[in-house]
Visitor: 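Could you have a look at this structure, given as structure tokens, before my questions?
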Amino acid sequence: MATLKEKRTCGQRCEAFGHFVWNSDEGTFMGRTPEKWVYISLYYAAFYVVMTGLFSLAIWVLMYTLDPYAPDYQDRLKSPGVMVWPDTYGEEQVEITYNTSNKDSIRKMAMCLEKFLAPYNDTIQSECHRHNCTKGKYFIQNSFSAPNHTKWACPFSQSTLGPCSGLHDPTFGYNSSMPCVIIKLNRIISFLPSNKTDESPYVHCIALEGDENIEKIEYFPTNGTIDRSYFPYYGRLAQPAYINPLVAVQFSLVEEKHAKIQCRVVADKISYQNIHDPYEGKVVFYLKALK
């Protein structure tokens, strides 16, 4: 029968560990001579230097092949989304409900639109954009001719929105049954809304429910047109001063003063029937005026 291994004391274990760390008989430190420690240190130093160099080279090649101004692949978005302001977005739908006799309700809607339109102030736009764009034509730029190696961007002034600009009526119509909403088309780099050079995209709104409660719909700019000079968009780095063009829509509510409305941006290459993305090419919202 094998004998049991003799149990060592704590002092014996410490002595054995010290002997392992430095063996004076064989001149080794932790099992290796100083010469071997030099060789293994040089080996690992060279190994990590080579690995770091290969990794750095791979990153450099990757960054060299990337375009800093546009993504290599844009397979997620073929058609831009559409948004509406005031942005009273719920979990599943947009409900713009206000009370014409409640000052807090009116002010809430007005402040939402004021904050959104702040970058569109006429003075700010005239200072930031000093390039005269040709209306009705795509603004194709093949070079970075703007300051700081950027591209020019066309201005869009708040006053373009007419009665819905808030300049003449600071309540944006929410003190009555003639409220204004702002429609914005989201950005997609290098996107052109149509292959035709004589047609501009435009906003068109219809009542899905409560058509009898809408007496009139007006668009600003005229006909809800989004001028072609705002396309294409070249990205935030190339066009830091770019600002989305807007369309204001003013509704005249009558009778029960509520309706379910769909506003669509109409153009050849803007789809709106994607069941997986309810905001692609259009936006649906509820508009209701209380008293």
Visitor: Going by the angle between their ring planes, with limits at 30° and 60°, are F251 and F285 parallel, tilted or perpendicular?
Guide: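 Rings of F251 and F285: perpendicular, over 60°.
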
Visitor: Quick one: are N274 and S79 in side-chain contact, heavy atoms under 4.5 Å?
Guide: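 The answer is no; the side chains never approach within 4.5 Å.
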
Visitor: Around Y202, counting heavy atoms of other residues, nucleotides and ligands shown, do more than 12 lie under 6.0 Å from its OH?
Guide: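 12 or below, so no.
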
Visitor: Side-chain contact test, heavy atoms from C-beta onward, threshold under 4.5 Å: evaluate it for Y272 versus P278 and give yes or no.
Guide: no

Visitor: Tell me every residue that passes disulfide bond (SG atoms under 2.5 Å apart) with C112, counting only those two or more places apart in sequence or in another chain.
Guide: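 Scan of C112 (disulfide bond (SG atoms under 2.5 Å apart), adjacent residues dropped) gives none.
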
Visitor: Check N99, T100, I106, N102 against Y174 for a side chain to side chain contact (heavy atoms under 4.5 Å, CB included) and give me the one that passes.
Guide: I106

Visitor: So how far is it from Q158 CD to Q125 CD, rounded to the nearest 0.5 Å?
Guide: 9.5 Å

Visitor: Using 0.5 Å steps for rounding, measure from the CG atom of L246 to the CG atom of L161.
Guide: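 One gets 6.0 Å once the value is rounded to the nearest 0.5 Å.
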
Visitor: Would you say L185 and I270 make side-chain contact, with heavy atoms under 4.5 Å?
Guide: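 Of all side-chain heavy-atom pairs linking I270 with L185, at least one is under 4.5 Å.
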
Visitor: For the hydrophobic clusters of this structure (ILVMFWY residues joined by side-chain heavy atoms under 4.5 Å, transitively), does one cluster hold both V266 and L192?
Guide: no

Visitor: Only counting residues at least two apart or in another chain, list the ones meeting ring pair (Phe, Tyr, Trp, His ring centres under 6.0 Å) with Y64.
Guide: W60

Visitor: Angle between ring planes, F191 versus F231, binned at 30° and 60°: parallel, tilted or perpendicular?
Guide: perpendicular

Visitor: Tell me whether the rings of F47 and Y43 are parallel (<30°), tilted (30 to 60°) or perpendicular (>60°).
Guide: parallel

Visitor: Checking side-chain polar atoms at under 3.5 Å, does T225 have a donor or acceptor matched by the opposite partner on N223?
Guide: no

Visitor: Same cluster or not: are V181 and Y279 linked, directly or through other Ile, Leu, Val, Met, Phe, Trp or Tyr residues, by side-chain heavy atoms under 4.5 angstrom apart?
Guide: yes

Visitor: Could you tell me if the side chain of Y233 sits less than 4.5 Å from the side chain of I189, heavy atoms only?
Guide: yes

Visitor: Listed by chain and number, what are the ring pair (Phe, Tyr, Trp, His ring centres under 6.0 Å) partners of H168, not counting sequence neighbours?
Guide: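 Result, ring pair (Phe, Tyr, Trp, His ring centres under 6.0 Å) vs H168: none returned.
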
Visitor: Measure across A153 and Q239 and return the closest heavy-atom pair with its distance rounded to 0.1 Å.
Guide: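 In this case the closest contact between A153 and Q239 is CA-NE2, 4.0 Å.
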
Visitor: Say whether I243 and Y234 are linked into one hydrophobic cluster, either directly or through other cluster members, by side-chain heavy-atom distances under 4.5 angstrom.
Guide: yes

